[in-house]
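What you are looking at is a predicted structure, and each value in this text was computed from that prediction instead of being measured. Throughout, a chain's letter reflects where its sequence line sits, starting with A, and its residues are numbered from 1.
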Amino acid sequence: MQPVRVRFAPSPTGALHIGGVRTALYNYLLAKKTNGTMILRIEDTDQTRFVPGAEEYIMKSLEWVGIKIDEGVVQGGPHAPYRQSERKSIYKQYAQKLIDEGNAYYAFDTEEELEAMRNRLKATGSSNQQYSSITRMMMNNSLTLPEAEVKRKLESGDAYVIRLKVPDAEEIALTDLIRGEVKVHSEQIDDKVLMKSDGMPTYHLANVVDDYLMQITHVIRGEEWLPSAPLHVLLYRFLGWEKQMPQFAHLPLLLKPDGNGKLSKRDADKAGFPLFPYNWVDPTSGELSKGFQESGYLPDALINFLAFLGWNPGTEQEIFSMAELVSAFTVERIGKAGARFDILKAQWFNQQYLKAKSNDELAEFLLASLPAGSCTKEKAAKICGMLKERVTFTHDFATQAKFFFEAPAEYDQQVVSKKWNNDAVTVLTAYSQALASIQELTAEAAKTTLENVTTTLGIGSGKIMQALRVSITGAGSGPDLMIAMEILGSTEVVSRINRALSTLKKV
RNA sequence: GGUCCCAUCGUCUAGGGGUUAGGACAUCAGAUUUUCAUUCUGGUAACACGGGUUCGAUUCCCGUUGGGACUACCA
């Protein structure tokens with residue numbers, strides 16, 4: 001396949017939604033697969049929705065998940081600038097060309113007039129309340145107003161927009177790589193605003209112009225754009241760029257985990273899972289959106305999970321590195337139906353990726369949660385090695401390793417009431433004495449010593465294991481106790497057992 | 001309401017005119033284990049419905065139903 005030029009074109013209006021990450025991922029995979037170019041274009045033509053920090057957030061997020069940008073705001077490139085607000089002057093000439101050739105017109109209608117028009121149509125029971133080939137002749141625009149009047153308005157600085165003059169009876173067809181041929185009658189397309197009254201283009205004009213100028217070969221975007229794709233085709237045609245028109249691929253949507261509808265932050269909050277790469281605090285509302293990073297997810301696991309939401313390799317392989325995804329990816333294998341977002345599956349991937357990491361890598365997660373210098377890297381690696389089979393999130397190391405760094409402040413009452421009995425006290429008393437004489441406690445020594453004690457006393461070791469565990473860790477469950485004791489060392493183990501014996505004796 | 005898109009286990013999906021409809025997550029049971037977890041083994045579980053086409057449809061076509069997206073001077 002020829003090298004493609006694809007773009008991810010987010011709007012900096014807030015945190016980057018996970019669906020956006022998947023869109024970026026599919027673009028990226030196709031780019032890498034074909035040795036092509038991945039472009040990041042910031043679509044900030046709506047100045048009223050600009051949110052400070054959003055653009056940086058988007059770039060940081062893409063970087064975290066491993067999506068590298070070839071051309072963009074910070075990387076630069078042959079088609080700079082890559083921020084649409086900085087390309088403002090470019091769009092005007094194309095709008096002008098459309099006007100000159102009779103494919104667009106000036107419209108002076110106020111918001112109230114537009115509202116009144118819609119209400120009027122609604123009242124008559126019209127199924128279509130759009131600014132269209134029928135309604136445009138009843139409005140204030142350069143099609144209905146005398147030429148002199150239009151000229152006067154333009155010169156006196158009256159507010160105006162430029163609208164596309166959609167042909168009135170024509171079938172517009174486009175080929176979507178995922179859905180095949182899609183046809184829409186031009187009657188259904190309204191006379192979309194191309195240039196807003198503030199002089200900025202709308203998405204429709206800007207994206208077509210930029211995709212053409214930036215020589216984009218494939219437009220891979222969410223399905224929510226499918227209804228306006230015919231409009232874009234029209235624009236390519238009127239601008240004389242039909243031959244250079246990119247190929248379209250409209251991705252299936254990410255759906256709520258239960259019920260129906262597009263996945264939203266509300267659903268994620270309700271179900272208690274993140275929906276954004278990093279935590280994001282909305283600068284105006286102060287509202288927090290939880291991030292995958294802070295929630296303990298690994299970027300590779302997230303990517304693997306996301307890749308499989310709407311795409312599959314057709315084999316039974318489940319675990320894919322980014323490089324493997326690149327070589328396995330094809331647009332043909334993208335599905336058509338929306339995919340429910342199942343966080344449990346994401347957790348499973350995370351667990352798989354965590355387990356596959358080396359103890360040294362894992363140690364970093366534990367060390368990060370500890371005061372500097374409180375634990376050696378070797379010790380942390382050893383602890384993580386023991387813990388890695390029982391961990392789902394990166395922060396699980398810290399919580400599960402807690403007892404290594406602090407003696408239990410309290411004991412699990414359930415375990416105590418069930419397992420703390422005379423046998424346990426007898427064995428633990430003898431065991432602690434036996435351990436006290438051991439200098440270098442190994443897991444092996446801890447085990448044989450315990451066996452010696454229990455056989456001598458004639459008490460099954462199984463009966464007191466829980467009591468031993470609770471005395472050392474405070475909890476009824478956890479990792480291999482003998483190895484844990486080795487890491488803790490005999491002095492600490494003995495002191496913990498003795499402490500438990502003195503505080504729990506009465507129970 | 002209108003337009004467009006979509007439809008295989010609870011979820012993500014493979015498959016495709018004749019299959020015991022496959023895998024993964026989740027779930028259930030058993031085994032292993034010093035507990036919990038891991039791991040292993042096994043089980044439950046799906047072609048939305050109705051018409052065609054055909055010797056034969058889950059697969060192809062049409063319709064119904066259901067769901068979704070869009071319907072702004074937002075992207």
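With rounding to the nearest 0.5 angstrom, the CG atom of A:Leu457 is 8.0 Å from the OG1 atom of A:Thr455. Separation of atoms NE2 (A:His250) and OG1 (A:Thr23) is listed at 10.5 Å; rounding is to 0.5 Å. Here the OG atom belonging to A:Ser461 is positioned 10.5 Å from the OH atom belonging to A:Tyr431, to the nearest 0.5 angstrom. If you take CG on A:Leu387 and CD on A:Glu389, they are separated by 10.5 Å, rounding to the nearest 0.5 Å. For the atom pair A:Leu174 CG and A:Leu231 CG, the distance stands at 11.5 Å (nearest 0.5 Å).
Cation-pi check for A:Arg163 over A:Tyr131 is met; the charged atom lies under 6.0 angstrom from the ring centroid and within 45 degrees of its normal. Remark: A:Lys165 fails to qualify as a cation-pi partner of A:Tyr105 under the 6.0 Å distance and 45° angle criteria applied to the six-membered ring.
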Enumerate all atom pairs, one protein N or O and one N or O from nucleotides 32-35 of chain B, separated by less than 3.5 Å.
unit_1: B:U34; atom_1: O2; unit_2: A:Arg469; atom_2: NH2; d: 3.3
unit_1: B:U34; atom_1: O4; unit_2: A:Asp480; atom_2: OD1; d: 2.6
unit_1: B:U34; atom_1: O4; unit_2: A:Asp480; atom_2: OD2; d: 2.2
unit_1: B:U35; atom_1: O4'; unit_2: A:Gln466; atom_2: OE1; d: 3.3
unit_1: B:U35; atom_1: O2'; unit_2: A:Gly476; atom_2: O; d: 3.4
unit_1: B:U35; atom_1: O2; unit_2: A:Gly478; atom_2: N; d: 2.8
unit_1: B:U35; atom_1: N3; unit_2: A:Arg469; atom_2: NH2; d: 2.9
unit_1: B:U35; atom_1: N3; unit_2: A:Gly478; atom_2: O; d: 2.5
unit_1: B:U35; atom_1: O4; unit_2: A:Arg469; atom_2: NH2; d: 3.2
unit_1: B:U35; atom_1: O4; unit_2: A:Gly478; atom_2: O; d: 3.1

Protein-nucleotides 7-12 of chain B N/O pairs under 3.5 Å:
unit_1: B:U11; atom_1: OP1; unit_2: A:Arg340; atom_2: NH1; d: 3.3
unit_1: B:C12; atom_1: OP1; unit_2: A:Arg340; atom_2: N; d: 2.9
unit_1: B:C12; atom_1: O2'; unit_2: A:Phe308; atom_2: O; d: 3.0

Please enumerate all protein N or O atoms sitting under 3.5 Å from an N or O of nucleotides 14-16 of chain B, with distances to 0.1 Å.
unit_1: B:A14; atom_1: OP1; unit_2: A:Asn312; atom_2: ND2; d: 2.8
unit_1: B:A14; atom_1: O3'; unit_2: A:Arg333; atom_2: NH2; d: 3.2
unit_1: B:G15; atom_1: OP1; unit_2: A:Arg333; atom_2: NH1; d: 3.3
unit_1: B:G15; atom_1: OP1; unit_2: A:Arg333; atom_2: NH2; d: 3.3

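If you check every strand for non-hydrogen atoms under 4.0 Å, A:Lys183 touches sugar and phosphate atoms only.
To the nearest whole angstrom, the two P atoms, one in B:U38 and one in B:A29, are 14 Å apart. Here the separation of B:A75 from B:U13, taken at their C1' atoms, is 31 Å to the nearest Å. Separating the C1' atom of B:G42 from that of B:U53 is a span of 42 Å, rounded to the nearest Å. Between B:U64 and B:G16, the two C1' atoms lie 24 Å apart (nearest whole Å). Taking the P atom of each, B:C61 and B:U54 are spaced 16 Å apart, rounded to whole Å. Nucleotides B:A69 and B:C49 are separated by 24 Å at their C1' atoms, to the nearest Å. Between B:C25 and B:U19, the two C1' atoms lie 24 Å apart (nearest whole Å). Atom name P, nucleotides B:A45 and B:U59: the rounded distance is 22 Å, in whole Å.
Residue A:Phe320 contributes atom CZ, which lies 12 Å from atom C1' of B:A24 at whole-angstrom precision. When the P atom of B:A69 is taken as reference, atom CG of A:Leu253 falls 7 Å away, rounded to whole Å. One can place CG of A:Asn350 at 15 Å from P of B:C25, the figure rounded to the nearest angstrom. Nucleotide B:U13 holds its C1' atom 11 Å from the CD atom of A:Glu316, rounded to whole Å. To the nearest angstrom, C1' of B:A37 lies 9 Å from CD of A:Glu389. Between the CG atom of A:Asp396 and the P atom of B:U38 there is a distance of 12 Å, given to the nearest Å. If you take CD1 of A:Ile172 and P of B:C4, they are 12 Å apart, rounded to a whole angstrom. A:Leu251 places its CG atom 16 Å from the P atom of B:A69, with the value rounded to the nearest Å.
With no hydrogens or angles considered, a side-chain donor-acceptor pair links A:Lys388 and A:Asn359 at under 3.5 Å. A donor atom on one side chain and an acceptor atom on the other are found under 3.5 Å apart for A:Asp267 and A:Ser264. A donor and an acceptor atom, one from each side chain of A:Ser126 and A:Asn128, are nowhere located under 3.5 Å apart. Using modelled atom types and a 3.5 Å distance limit, the side chains of A:Ser358 and A:Glu361 yield a donor-acceptor pair. Using a 3.5 Å distance cut-off with no hydrogens or angles, the side chains of A:Tyr160 and A:Asn141 do not pair a donor with an acceptor.
Residue pairs meeting the side-chain hydrogen bond (donor to acceptor under 3.5 Å, both in side chains) criterion with at least one member in residues 192-211 of chain A, sequence neighbours excluded: A:Arg7-A:Asp211, A:Arg41-A:Asp211, A:Gln84-A:Asp210, A:Arg87-A:Asp210, A:Tyr91-A:Asp210, A:Asp190-A:Lys192, A:Tyr203-A:Asn207, A:Tyr203-A:Arg221, A:His204-A:His232. Screening residues 455-482 of chain A for ring pair (Phe, Tyr, Trp, His ring centres under 6.0 Å), with sequence neighbours left out, gives no hits. Listed by first then second residue, pairs satisfying side-chain hydrogen bond (donor to acceptor under 3.5 Å, both in side chains) with a partner in residues 343-353 of chain A read A:Asn304-A:Tyr353, not counting sequence neighbours.
Contacts of A:Gln47 classified as side chain to side chain donor-acceptor pair (under 3.5 Å), with partners at least two apart in sequence or in another chain: none. Here A:Glu444 pairs with nothing under the salt bridge (charged side-chain N to carboxylate O under 4.0 Å, His left out) rule; sequence neighbours left out. Here A:Thr175 pairs with nothing under the side chain to side chain donor-acceptor pair (under 3.5 Å) rule; sequence neighbours left out.
Under the Watson-Crick and G-U wobble criteria, each requiring two contacts below 3.5 Å, nucleotide B:C4 is paired to B:G68. Pair assignment for B:G50 gives B:C62, based on Watson-Crick or G-U wobble hydrogen-bonding distances that are each under 3.5 Å. Across all strands shown, B:U20 forms no Watson-Crick or G-U wobble pair with both distances under 3.5 Å. Summarising the base pairing, B:U27 is matched to B:G43 through a Watson-Crick or G-U wobble pair whose two defining distances lie under 3.5 Å.
The aromatic rings of A:Tyr297 and A:Phe292 sit perpendicular, their planes meeting at an angle over 60°, well past the 30° parallel limit.
Side-chain contact between A:Phe108 and A:Leu145 is present, with heavy atoms from C-beta onward closer than 4.5 Å.
Residues of residues 50-59 of chain A that place a heavy atom closer than 4.0 Å to RNA chain B do not occur. Of the residues in residues 175-182 of chain A, those placing a heavy atom less than 4.0 Å from an atom of RNA chain B are A:Arg179, A:Val182, in numerical order.
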Given protein heavy atoms under 4.0 Å, the one-letter contact record of nucleotides 70-75 of chain B, with B base, S sugar-phosphate only and - none, is simply SS-BBB
